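Numbering starts at 1 and runs along the sequence shown. Quick caveat: nothing in here was measured; it's all calculated off a predicted structure.
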Amino acid sequence: MEDAFDFVIVGAGSAGCALAGRLSADPDVRVALVEAGGPDRHPAIQAPMDLFGLFGSELDWAFTTEPQRGLGGRAVPWPRGRTLGGSSTINFQMWVPGHREDFGPWGEHWTWEAVEPYFRAAERWAGDPAQGYGFGTGGPLWISPPRDPDPHTATFLAACAELGLKEIGGGLGGGDPTGATVTPLNQLRGARWSAADGYLRPVLDRPNLQVVTGAQVHRVNIERGRATGVSLGDRTLHAAREVVLSAGAVGSPHLLLLSGIGAADELHEVGIDVLVELPGVGRNLRDHMSVSPTMSATGEFRLVGADTDANRLRYAEQRLGPLTSNLAEAVCFLRADGGPGAPDVEIIFTPVGFGPEGPVPGIGFTVIPLQPESHGRLGLRSADPLDPPWIDPAYLDAGADLRMFVRALRHAERLFETDPFRPMVGGPLPPWPGQVDDDALARVVRDQATTMFHPVGTCRLGPAGDEQAVVDPSLRVRGVERLRVVDASVIPSLPRGHTHAVVAMLAERAAGFITEDARA
C-alpha cells in the first residue's frame, strides 16, 4: 500500500524532525512525517535578526489566548511554528536545557543522570572546544556562541558580575545555569540552524522516509483500542507499528480530543464520541511569561538602523554584522530571594530598545519567573478539525506569580544601576515606567506581561494511578495501544530553561523507547 508505513509521525517540529531522522536510520522500517505547514523557505528564516518577519507569516499558527483575567482581560498572541522545523524555525534560537532539579520529579527514566546523555546526543558545539559550556560535540543540532556579538553584551556580563552573577560554572549544559553567560544559539556561522536543518534535511533522500507537507491531520484512527493511522481528510496514512503525535502543546491535545480521547463531558459537548476517557487531555497548561523593562541609552547602538544594503551584503558574504544578532545575546539566572538553591528567575539582555517607529538606542532586559504556579487548559470549540482550540493559560491566576514578577523586576532595576551601565542609561522607554512602588509595578506586569513561547503540560506524563496523566513514563498514551506523544505537551512542569532543548532531548529519549518496543 502506498500509504502504509511502520511509523506515522504527526508534526515536523523539534520532536518530529528528530524522531523522523532517528527512526528512519533503520532501513527496514518505513516512516511518514506529516506537517500541516509548508516547506521552510521563507526569506526571513536564515538571518537571525529577521525573525520578527516570521511571526504572523504563513509559517506561524498565530494562535491567540482567551482574554486573561490576570491581565485585565487582554488576549495574548501565541506564535507557534507551522513549517518544517516547527517553532525551531521561527524562535529566538536560544539553547537552554534547564536545571538538573527540573527532571527528577518527572519520575522513572527522567532524572538528570538519565536525560543528560540525550541532551548531549542532540548537541554539536561549534565554538572553542575549551569553552564548550558542557555541550555535546557530535549531535545534529549546532550550538554556537554569538558569532559577532554586540559590544554591549560584554557590558551586561560585567554588570552581572558586579551583582555577584559570575560566569556560569560548567556552562549552560552542565545542569546548573546559575550565573551569567553569552547565549548558546542554534546557529551555524551566524545563520539559524533548526531541527529541520539538523535532523531532517540530511536524510531526505532515504527511500524509507516520506515527508508530507501542507497536510493537516484531522484525527488519529483507532480500531479496537489500537492506533492504526491518521486521517488527513481525503487521505489515510496507515501505521503498522505506532502513531506518534509531535504536534506540540497545542496540536497534540487538540488531535487527541478530536479523536475521542479526553474528558467525556467535554467531548459530548461538541458531539464527539468518547473512545478513551482521559480527563487530563488539554489540562495542566503551563507557560513562562515575561516583562521587558527598557531604558533609553546614549552611545552607538548598531542594531538601530541595522537593516541596510551594506549590512545585508556583509551578512551574505561573511555572515558577520548586526544581522547575526538574535536580540538575546546574553542571559543570567538567579534566585529572587538571593539565597541558595536552583534559580527561579531568568533575565535576557537585549542591546537595543524599541519605540513606536522601531529600534532606538536603549538597554532592555526580558525578565522571566521560571517556576510559575498558575496553570490553565485548552479545549475544543467544535468537532471541526480546522477550527483552532480555545487556549486559556490562566496567566497570573495564582497570586504568588504576580509577587514573584515584582521581585524579579527589582533585580533588573539593579542591573540598570550598576557601574557598567550607569554612564549610558537614561530615562525609561515607554511603556516601561521606571522606578515605581510595588503596587504600581504589579499593575505594569498585568498591563505588559506576555508569553515567552514555552507552553507545556497538556498531555503530561505521570506514573500509574495518576488520573490526570495522559502518557506513561515511556510517553505511551494511556488506554490506547501503539499511540505515543513526544513533544512539549508531555512535560509535566516548566523547566528552568527553554523548551526547544528539552523537546530535542525528549525525542532522542523517545526514539530509544520506540525502537525497544518495536523489537519487543
Side-chain angles (χ1 to χ4, degrees), residues 10-11 63 65-66 68-69 78 105-110 217-227 230 242-287 372-385 387-395 397-398 454-494 506 510:
V10 181
F63 295 120
T65 71
E66 297 297 292
Q68 294 296 287
R69 297 171 296 278
W78 261 34
W106 294 17
E108 185 185 359
H109 306 314
W110 300 106
V217 173
H218 290 191
R219 64 187 56 83
V220 179
N221 298 328
I222 299 171
E223 299 175 11
R224 297 184 295 277
R226 174 179 294 177
V230 300
E242 284 196 25
V243 173
V244 184
L245 301 185
S246 296
V250 176
S252 288
H254 188 212
L255 273 173
L256 289 180
L257 293 169
L258 290 168
S259 306
I261 303 171
D265 56 343
E266 296 173 27
L267 295 174
H268 287 147
E269 198 172 294
V270 294
I272 293 178
D273 293 335
V274 180
L275 296 184
V276 178
E277 182 160 16
L278 279 181
V281 176
R283 297 179 182 269
N284 191 51
L285 173 58
R286 299 171 184 268
D287 187 25
E373 296 180 11
S374 301
H375 58 277
R377 52 186 287 212
L378 61 79
L380 296 177
R381 299 183 190 276
S382 73
D384 182 352
D387 195 5
W390 55 263
I391 300 168
D392 180 11
Y395 288 137
D397 271 16
H454 295 164
V456 304
T458 47
C459 299
R460 73 173 176 86
L461 66 85
D466 183 343
E467 293 184 358
Q468 290 296 312
V470 177
V471 300
D472 69 13
S474 295
L475 311 183
R476 295 170 294 210
V477 174
R478 298 187 183 280
V480 186
E481 295 180 23
R482 301 187 181 183
L483 178 60
R484 212 176 296 246
V485 180
V486 182
D487 57 30
S489 70
V490 307
I491 299 173
S493 56
L494 279 163
L506 271 166

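- Inter-residue side-chain proximity for Val274 and His268 is flagged as met; some heavy-atom pair is nearer than 4.5 Å.
- Note that CG of Leu275 and CZ of Arg224 are 13.0 Å apart. Values are rounded to the nearest 0.5 Å.
- Scanning all heavy atoms of the two residues, the minimum distance from Val485 to Val490 falls at O-CG1, 3.4 Å.
- The shortest side-chain heavy-atom distance between Arg377 and Trp390 falls under the 4.5 Å cut-off.
- Counting heavy atoms from C-beta outward, Leu506 and Asp487 have side chains that stay 4.5 Å or more apart.
- To the nearest 0.5 Å, the span separating CD on Glu66 from CG on Leu378 amounts to 10.5 Å.
- Residue Ser382 comes nearest to Asp387 through the heavy atom pair OG-OD2, 3.0 Å, listed as atom of the first residue, atom of the second, then distance.
- By the 4.5 Å heavy-atom criterion applied to side chains, Val243 and Arg482 are not counted as neighbours.
- Contact of the Leu483 side chain with the Ile261 side chain is registered, since non-hydrogen atoms from C-beta on lie closer than 4.5 Å.
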Test Asp287 against His454 for side chain to side chain contact (heavy atoms under 4.5 Å, CB included), laying out the working first. CA-CA 5 Å; Asp287 187 25; His454 295 164; 3.7 Å; yes
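- Closest of all the heavy-atom pairs between Cys459 and Val471 is O-CG2, 3.6 Å.
- Under a 3.5 Å cut-off, the side chain of Trp106 and the backbone N or O of Leu461 do not form any donor-acceptor pair.
- Heavy atoms of other residues, nucleotides or ligands lying less than 6.0 angstrom from CD of Glu269 number 12 at most.
- At most 12 non-hydrogen atoms from other residues, nucleotides or ligands lie less than 6.0 angstrom from CG of Asp273.
- Between Glu467 and Arg283 no salt bridge is recorded (no basic side-chain N to carboxylate O distance below 4.0 Å).
- Expressed to the nearest 0.5 Å, how far CD of Glu481 lies from CD of Glu242 amounts to 11.0 Å.
- The closest side-chain heavy-atom distance from Thr458 to Val250 is not below 4.5 Å.
- Under the 3.5 Å distance criterion, the side-chain polar atoms of Asp392 are left unmatched by any main-chain donor or acceptor of Gly376.
- For the side chain to side chain contact (heavy atoms under 4.5 Å, CB included) with Ser259, the lone residue among His254, Arg219, His218 that qualifies is Arg219.
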The test is side chain to side chain donor-acceptor pair (under 3.5 Å); show your working for Arg286 and Asn284 and say whether it passes. CA-CA 6 Å; Arg286 299 171 184 268; Asn284 191 51; 2.8 Å; yes
